[in-house]
Participant: 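Have a look at this one before I ask anything.
Just so you know, these numbers use all the heavy atoms, side chains as well, and skip hydrogens, waters and symmetry mates.
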Amino acid sequence: GEAVNWELGPDGPSTRRGELQEEIATVASVGSTTIRRVIRLQRGVRRIELDFELEVVDRCDGVFRVVVPFGFDGHMVAGIPFGAERREGFEEEVFRGEFFVQGYPNAFYASRWVDYSGMDCGVTFVAPHGAFTGYDFDPVARRLEFSLLRQRSTDATHRGVGTPHMLGLGRHRFTVALVPHDGAWENARTFRDAFEQHNPLAAEIGEGGNQDGDETGTGTDWAAVKVAPGAVVLSAARRSSPREWEVRVYESVGREVEAKLQFPQNVRSAALTDFMGKPLAGAAAVAVKGETVRFVIHPWQIATLVVSFG
């Protein structure tokens, strides 16, 4: 059916300003559904976060969508587990008609984020945490739509019972983000903004101690492992024995680079393994010097290492 736009409330937007962040809140409605939107800007963070709260009280059939129009020519790239890929040539995809063509001809899957980039700039859209479906891109209109919530008016579900959740009733909260950037997403590393939003830093108060050269009383900086350059992403790390760690990283933008892993203590040896931690025949050499491990990682490669200390 035809799209129905929201109607803004009579009070207009309200603004809250602080030292670290600013918020612009708006209340609107679509039929009997109340929609509260908050646009959030944070100092030192390039993401523009948008919180949506939908309060649905009546049954109906339809989908609540966020619409992001683009005013320039470009191409769509979708984040996927351990990488990214272009979203184009839908007509050539096997079995596509079975899942998408009926009702959603421009829909596609993605993980965490999608990016629309042209020659000089682009915008990355960060989806709500855990969203793999709901993306729809019209290449002619140059418009991205993301489905936040689907409503049903009937109890006829695959189990025969329509719960309020399945009917789309109640209060629902979603957080998305837009990340404008110069150049291509590969150079802007905007996928890291999606990781940061979905996995926010957890801060805890610990016991600080004055150490040599440290007048703050907070102790020295420490990390179990530091990974560089920005195209290399730490996927997992675990302590497999008192003097051994298993670490998994992957290359995220499709370029061959030298990966650098830095640990808080001297490394005795390091080697590439398969996913089960078994030695990998013919694996590239891994250079070890002091606390640092270096090796060449290929485009989109997932690399697992066993690192020994002592």
Participant: Taking the six-membered ring for Trp, are the ring centroids of Tyr109 and Tyr135 within less than 6.0 Å of each other?
Facilitator: no
Participant: Quick one: pull up OG1 in Thr133 and CZ in Arg150 and give me the separation to the nearest 0.5 Å.
Facilitator: 10.5 Å
Participant: Starting from the C-alpha separation in whole Å, work towards a yes-or-no answer on side-chain contact (heavy atoms from CB on, under 4.5 Å) for Val114 and Leu144.
Facilitator: CA-CA 10 Å; Val114 298; Leu144 172 69; 3.8 Å; yes
Participant: Are side-chain N/O atoms of Asn199 and His129 paired as donor and acceptor at under 3.5 Å?
Facilitator: no
Participant: What's the separation between atom CZ in Phe82 and atom CD1 in Ile302, rounded to the nearest 0.5 Å?
Facilitator: 4.5 Å
Participant: With a cut-off of 6.0 Å (strictly less than), are more than 12 heavy atoms of other residues, nucleotides or ligands near CZ of Arg16?
Facilitator: no
Participant: What I want to find out is whether Asp51 reaches Arg40 closely enough, with some N-O distance under 4.0 Å, to be called a salt bridge.
Facilitator: yes
Participant: Check for me whether the distance between the ring centres of Phe125 and Tyr116 falls short of 6.0 Å.
Facilitator: no
Participant: Do Glu49 and Gln42 touch side chain to side chain, with heavy atoms closer than 4.5 Å?
Facilitator: yes
Participant: Should the pair Arg37-Glu53 be classified as a salt bridge under the 4.0 Å nitrogen-to-oxygen rule?
Facilitator: no
Participant: Do Val68 and Trp185 sit in one hydrophobic cluster, given that two such residues count as connected whenever their side-chain heavy atoms are within less than 4.5 Å of each other, even indirectly?
Facilitator: no
Participant: Could you tell me whether a side-chain N or O of Asp138 sits under 3.5 Å from a main-chain N or O of Arg142, the two making a donor and an acceptor?
Facilitator: no
Participant: Between Phe72 and Gly122, which heavy-atom pair has the shortest distance, and what is it?
Facilitator: CZ-CA, 4.1 Å
Participant: Please tell me if the side chains of Ser308 and Arg243 come closer than 4.5 Å, counting only heavy atoms from C-beta onward.
Facilitator: no
Participant: Please check this pair: side chain of Arg248 against backbone of Phe275, looking for a donor-acceptor N/O pair closer than 3.5 Å.
Facilitator: yes
Participant: With the side chain counted from C-beta on, respond yes when Leu234 and Val247 share a heavy-atom pair under 4.5 Å apart, and no when they do not.
Facilitator: yes
Participant: Give a yes or no answer on whether the side chain of Arg192 reaches the backbone of Gly230 with a donor-acceptor pair at less than 3.5 Å.
Facilitator: yes
Participant: Is the side chain of Gln151 donor-acceptor paired with the backbone N or O of Asp58 at a distance under 3.5 Å, no angle test?
Facilitator: yes
Participant: Side-chain contact test, heavy atoms from C-beta onward, threshold under 4.5 Å: evaluate it for Val227 versus Val233 and give yes or no.
Facilitator: no
Participant: Taking side chain as C-beta onward, heavy atoms only, is Phe64 less than 4.5 Å from Leu54?
Facilitator: yes
Participant: Answer whether the closest heavy-atom distance between the side chains of Arg112 and Gln197 falls below 4.5 Å.
Facilitator: no
Participant: Could you grab the distance from atom NE2 of His181 to atom OG1 of Thr190, nearest 0.5 Å is fine?
Facilitator: 4.5 Å
Participant: Shortest non-hydrogen contact from Ser147 to Val63?
Facilitator: OG-CG1, 3.3 Å
Participant: Between His198 and Val126, is there a side-chain heavy-atom distance shorter than 4.5 Å?
Facilitator: yes
Participant: Indicate the atoms forming the closest heavy-atom contact of Leu149 with Gly168, along with that distance.
Facilitator: CD2-O, 3.7 Å
Participant: Start with the C-alpha distance between Val293 and Val286, add both sets of side-chain angles, then the distance that settles side-chain contact (heavy atoms from CB on, under 4.5 Å), and finish with yes or no.
Facilitator: CA-CA 7 Å; Val293 171; Val286 177; 3.3 Å; yes
Participant: For residues Val30 and Leu169: do they belong to one hydrophobic cluster (side chain heavy atoms under 4.5 Å, members Ile, Leu, Val, Met, Phe, Trp, Tyr)?
Facilitator: yes
Participant: Under a 4.0 Å N-O cut-off, is there an ion pair linking Lys260 with Glu258?
Facilitator: no
Participant: Heavy atoms, side chains only, cut-off 4.5 Å: are Thr273 and Pro279 in contact?
Facilitator: no
Participant: Determine whether Phe174 and Phe146 satisfy the following criterion, side-chain contact (heavy atoms from CB on, under 4.5 Å), listing intermediate values before the conclusion.
Facilitator: CA-CA 11 Å; Phe174 308 91; Phe146 181 81; over 6 Å; no
Participant: To the nearest 0.5 Å, what is the distance between CD (Gln301) and CG (Leu272)?
Facilitator: 7.0 Å
Participant: Locate the shortest heavy-atom distance separating Gly83 from Tyr250; write the atom from each residue and the value.
Facilitator: N-CE1, 4.2 Å
Participant: Could you tell me which non-hydrogen atom of Arg152 sits nearest to which non-hydrogen atom of Asp61, and how far apart they are?
Facilitator: CA-OD1, 3.6 Å
Participant: Side-chain heavy atoms under 4.5 angstrom apart, residues restricted to Ile, Leu, Val, Met, Phe, Trp, Tyr: same cluster for Ile39 and Leu148?
Facilitator: yes
Participant: Which atom pair, heavy atoms only, marks the closest approach of Ser111 to Phe132?
Facilitator: OG-CE2, 3.4 Å
Participant: Would you call the rings of Phe195 and Phe191 parallel, tilted or perpendicular, taking 30° and 60° as the class edges?
Facilitator: perpendicular
Participant: When you measure from the side chain of Ser117 to the backbone N and O of Ala184, does any donor-acceptor pair fall under 3.5 Å?
Facilitator: no
Participant: With side-chain contact (heavy atoms from CB on, under 4.5 Å) as the test, would you mind laying out the steps for Leu50 and Val38 before giving the verdict?
Facilitator: CA-CA 6 Å; Leu50 298 96; Val38 176; over 6 Å; no
Participant: Nearest 0.5 Å, what's the CD1-CG distance between Ile48 and Leu178?
Facilitator: 6.0 Å
Participant: Keeping the roles fixed (side chain from Glu251, backbone from Trp300), state whether a donor-acceptor pair exists under 3.5 Å.
Facilitator: yes
Participant: Nearest 0.5 Å, please: how far is CZ in Arg87 from CG in Asp115?
Facilitator: 13.0 Å
Participant: Would you check if the side chain of Glu196 reaches a backbone N or O of Asp193 as a donor-acceptor pair within less than 3.5 Å?
Facilitator: no
Participant: Charged N to carboxylate O below 4.0 Å: is that the case for Arg65 and Asp136?
Facilitator: yes
Participant: Could you state whether Val176 and Leu41 fall into the same hydrophobic cluster, counting links through intermediate Ile, Leu, Val, Met, Phe, Trp or Tyr residues with side-chain heavy atoms under 4.5 angstrom apart?
Facilitator: yes
